[in-house]
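Working notes, structure below.
Small disclaimer: the values here were computed from a predicted structure and weren't measured. Lettering of chains follows the sequences in order, A, B, ..., and the numbering in each one begins at 1.
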Protein chains: 2
Amino acid sequence: MKLDTINWKILTCLQQNARQSNTEIARKVGVTSPAVAERIRKMEDAGVIEGYHAKVSHSETEHQLKAIITLRAFMGRLKPFLETVKNFDEVVNCYRITGNENIVMEVVLKNQKHLEKFIDKLITYGETRTHIVLSNVVENNPIIKRLPA
Amino acid sequence: MKLDTINWKILTCLQQNARQSNTEIARKVGVTSPAVAERIRKMEDAGVIEGYHAKVSHSETEHQLKAIITLRAFMGRLKPFLETVKNFDEVVNCYRITGNENIVMEVVLKNQKHLEKFIDKLITYGETRTHIVLSNVVENNPIIKRLPA
DNA sequence: GGTGAAAGCATCTGGTG
DNA sequence: CACCAGATGCTTTCACC
């Protein structure tokens, strides 16, 4: 799908605050609200916009620990893991990757005991490496129109 | 902040689709829409809800490559990196972590040439390890009310 | 937390370049 | 074909219970 300047501006608005009204976006972008509504609908249909999600604080919901865990799956244990990981509430994001490890996960946990229990759950699938997150340097950086690389 | 069952239901709704109306949430949760509006406002003020963001497709915006890159900073180069990384458009998420590496980043790129250029930008800050993302196994798994660990 | 009135917004229609 | 302008029906917001 072709994205012109107006669509990029709309995307920028929606990435900043998805809950603002079409009218407000219309004012910022310089068109009328029906035009914004139609453009948004088309971008949704084309798959450019994949959804709108509230970001919920981990710390405010008693998940004090965040960690990056990599997994190097044992022979024949990758497939079972891929099916099971969807049911792990602790896993916020999980990617299959190239390299020495097969999997990298971003997990949120309540405390050290919770982390220990979670690593115990992984131990049958492969060898893990855990990195505790100290701080978020960049968080959900919006995609903006960029010049060709 | 104390989160009761109604607030957890509202959070679940907003994590699924942040752009639905309060009235619609009110119907699903079983209270009136002004009650929903007030609960949302309080959760925003308390920092439980950190924001609402449209999820924009990487592939549909010509960013065909996704990668996880870890960085082991050279002596005295971590601080300069932390200040610079905010300006790298390619970096969607960046965490400071414990362990052998100091930094893990999630980056989106247009193609291999773009990846090469990006790694060249990192080379003055430290030693990098790049893992190409093959697939998203779990993506933005919502936080739901969970029993104590 | 509910109710009801007023303001604001989304959506549909017809009309224009 | 995309946009604008105006009318209708929801939604949000506020005062009050």
Under a side-chain separation threshold of 4.5 Å, the hydrophobic residues clustered together with B:Val133 are A:Ile68, A:Tyr95, A:Ile97, A:Val104, A:Val133, B:Ile68, B:Tyr95, B:Ile97, B:Val104
Within-4.5 Å side-chain heavy-atom neighbours: A:Leu3 and B:Thr61:
yes
Does anything in residues 67-86 of chain B pair up under salt bridge (charged side-chain N to carboxylate O under 4.0 Å, His left out), and if so which pairs, sequence neighbours excluded?
none
Applying side-chain hydrogen bond (donor to acceptor under 3.5 Å, both in side chains) to A:Asn87 and not counting sequence neighbours gives none
Below 4.0 Å from chain A heavy atoms, what is the first contacting nucleotide of DNA chain C and what is the last?
C:dC9 to C:dC12
Which residues satisfy the side-chain hydrogen bond (donor to acceptor under 3.5 Å, both in side chains) test with B:Asp120, sequence neighbours excluded?
none
Members of residues 17-42 of chain B that approach DNA chain C, where some heavy atom sits under 4.0 Å away
B:Val31, B:Thr32, B:Pro34, B:Ala35, B:Arg39
Under 4.5 Å side-chain heavy-atom separation, chaining through any Ile, Leu, Val, Met, Phe, Trp or Tyr, what else clusters with B:Ile123? Say none if it is isolated.
none
Does any pair with a residue in residues 121-135 of chain A pass salt bridge (charged side-chain N to carboxylate O under 4.0 Å, His left out), and if so which ones, sequence neighbours excluded?
A:Glu90-A:Lys121, A:Glu101-A:Arg129, A:Arg129-B:Glu101
What residues, two or more places apart in sequence or in another chain, satisfy side-chain hydrogen bond (donor to acceptor under 3.5 Å, both in side chains) together with B:Lys42?
B:Glu38
As a check of understanding: the bend across the helix from C:dG1-D:dC17 to C:dG17-D:dC1, end axes from five pairs, rounded to 10 degrees, works out to 40°
Show the atom names and distances, to 0.1 Å, of all donor-acceptor pairs under 3.5 Å that link a side chain in residues 53-60 of chain B to residues at least two apart or in another chain.
from    : atom 1 : to       : atom 2 : distance (Å)
B:His53 : ND1    : A:Gln15  : O      : 2.6
B:Lys55 : NZ     : B:Glu139 : OE2    : 3.1
B:Ser57 : OG     : B:Ser59  : N      : 3.4
B:Ser57 : OG     : B:Ser59  : OG     : 3.3
B:Ser57 : OG     : B:Glu60  : N      : 3.0

By side-chain hydrogen bond (donor to acceptor under 3.5 Å, both in side chains) - contacts of B:Thr84 (at least two apart)
B:Tyr125
